[in-house]
Amino acid sequence: MLNIVLFGPPGAGKGTQAARIIEKYGLVHLSTGDILRGELAAQSKLGLEAKKYMDKGELVPDSVVIGMIGSKLDQNPAANGFIFDGFPRTTAQAMALDELLGKKKTPITGMLALEVEKEELVNRLLGRGKVSGRADDQDISVIENRISVYNRDTAPLIDYYSAQGKFRAIQGMGTIEAIFERLCLAIDALH
Ligand code: B4P
């Protein structure tokens, strides 16, 4: 099993690179952002509740996203491994993920952290906002808040995974292809 946490601030390229990684390595893609947007598109109770947080650039409560990931893991018992994209985002989520995977005896193999300068993050998100229709990509103050929330609540996970010897920094500036090559080298070194 190859279980990878793809990590980085908003706009770092997690979703972009996860799509390529799952194709090459045959992993199951678990993106909490995509799952939440799917719930919203379906106008479910969970989706409408999540929208209140997402539109402001705040994190959706831990209990909601942890429950979602638990059921997705259970739905894929025959997977070769998982790529966790945008999850975990808090220490409570990381601890819950370790517990869920511990029960299945398939721990996280490594955490790959995309490093991108703030100005580039803002430009990428505003660029996506012009075509995606995502409310959280169209307002500069919401984007700034997402980056602040990342620095406050999510960046401490670098220490969490470093303590387990699983943290790998990846230069996330450059072309999508060049960054993908760096990620593949890091993944191949994990197993
Ligand atoms: P996510 O869906 O995870 O959104 P993201 O961080 O903005 O996306 P990502 O990082 O994948 O985008 P990418 O750079 O690939 O979360 C959205 C919201 O959902 C959160 O704010 C939160 O409210 C909620 N949420 C999700 N998970 C949660 C959790 N676990 N706990 C609580 N709340 C949660 O793409 C950005 C743009 O950059 C694209 O246009 C792409 O084409 C472009 N790009 C990518 N790589 C590039 C490159 N190398 N060069 C130029 N452009 C590039």
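Each ligand, and each atom within it, is numbered from 1 in the order the structure gives. Since we're looking at a predicted model, the values are computed, not measured. When reading the values below, keep in mind they use all heavy atoms of this one structure, side chains included, and skip hydrogens, waters and symmetry mates.
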(request) Answer with side chain, backbone, both or neither: which part of Asp62 has a heavy atom less than 4.0 angstrom from an atom of ligand 1? (result) neither

(message) Among Leu73, Leu30, Ile35, exactly one meets side-chain contact (heavy atoms from CB on, under 4.5 Å) together with Met68. Which residue is that?
(response) Ile35

(message) Applying a heavy-atom cut-off of 4.0 Å, say which part of Val149 lies close to ligand 1: side chain, backbone, both or neither.
(response) neither

(message) Is it the case that ligand 1 has an N or O less than 3.5 angstrom from some N or O of Tyr53?
(response) no

(request) Report the part of Thr16 in contact with ligand 1, treating N, CA, C, O as backbone and CB onward as side chain, heavy atoms under 4.0 Å; options are side chain, backbone, both, neither. (result) both

(message) Between Asn3 (side chain only) and Phe82 (backbone N and O only), is there a donor and an acceptor less than 3.5 Å apart?
(response) yes

(request) Identify, with sequence neighbours excluded, every residue that meets side chain to side chain contact (heavy atoms under 4.5 Å, CB included) alongside Ala155. (result) Tyr150

(request) Tell me which one of Arg128, Glu177, Arg124 gets a heavy atom nearest to atom 36 (C) of ligand 1. (result) Arg128

(request) Output yes when a side-chain donor or acceptor of Asn76 lies under 3.5 Å from a complementary backbone atom of Lys72, and no otherwise. (result) yes

(message) For ligand 1, which is the ligand I care about here, please tell me if Gly57 has any N or O atom under 3.5 Å from one of the ligand's N or O atoms.
(response) no

(request) Nearest heavy atom to atom 27 (N) of ligand 1 wins, so pick from Thr32, Leu6, Leu30. (result) Thr32

(request) Could you pull out, from Met54, Gln17, Arg89, the option with a heavy atom nearest to atom 16 (O) of ligand 1? (result) Arg89

(request) Can you pull out the closest protein heavy atom to atom 6 (O) of ligand 1? Residue, atom name and distance to 0.1 Å, please. (result) Lys14 NZ, 3.0 Å

(message) Just to check, does Ser31 reach to within less than 4.0 Å of ligand 1 when the distance is taken from its heavy atoms?
(response) no

(message) Please check whether Val65 reaches ligand 1 - meaning an N/O of the residue sits under 3.5 Å from an N/O of the ligand, judged on distance alone.
(response) no

(request) Kindly say whether Val142 contributes a backbone atom to a donor-acceptor pair with the side chain of Arg146 at under 3.5 angstrom? (result) no

(message) Within the structure, is a non-hydrogen atom of Met68 found at a distance of less than 4.0 Å from ligand 1?
(response) no

(message) Students should be able to answer this: which protein heavy-atom is nearest to atom 25 (N) of ligand 1, and at what distance?
(response) Leu36 CD1, 3.6 Å

(request) Say whether Ala12, considering both its backbone and side-chain N or O atoms, lies within less than 3.5 Å of an N or O atom on ligand 1. (result) yes

(request) Would you please determine whether Gly11 falls within less than 4.0 Å of ligand 1 on a heavy-atom basis? (result) yes

(request) Take every heavy atom of Gly127, measure it against each atom of ligand 1, and state whether any distance is under 4.0 Å. (result) no

(message) If you define the side chain from C-beta out and look only at heavy atoms, does anything of Asp98 sit under 4.5 Å from Met95?
(response) no

(request) With heavy atoms under 4.0 Å as the rule, classify the contact between Met173 and ligand 1 as side chain, backbone, both or neither. (result) neither

(request) May I have all residue pairs that pass salt bridge (charged side-chain N to carboxylate O under 4.0 Å, His left out) and include part of residues 22-40, sequence neighbours excluded? (result) Asp34-Arg37

(request) Consider every N or O of Arg146 and every N or O of ligand 1, then say whether any pair is closer than 3.5 Å. (result) yes

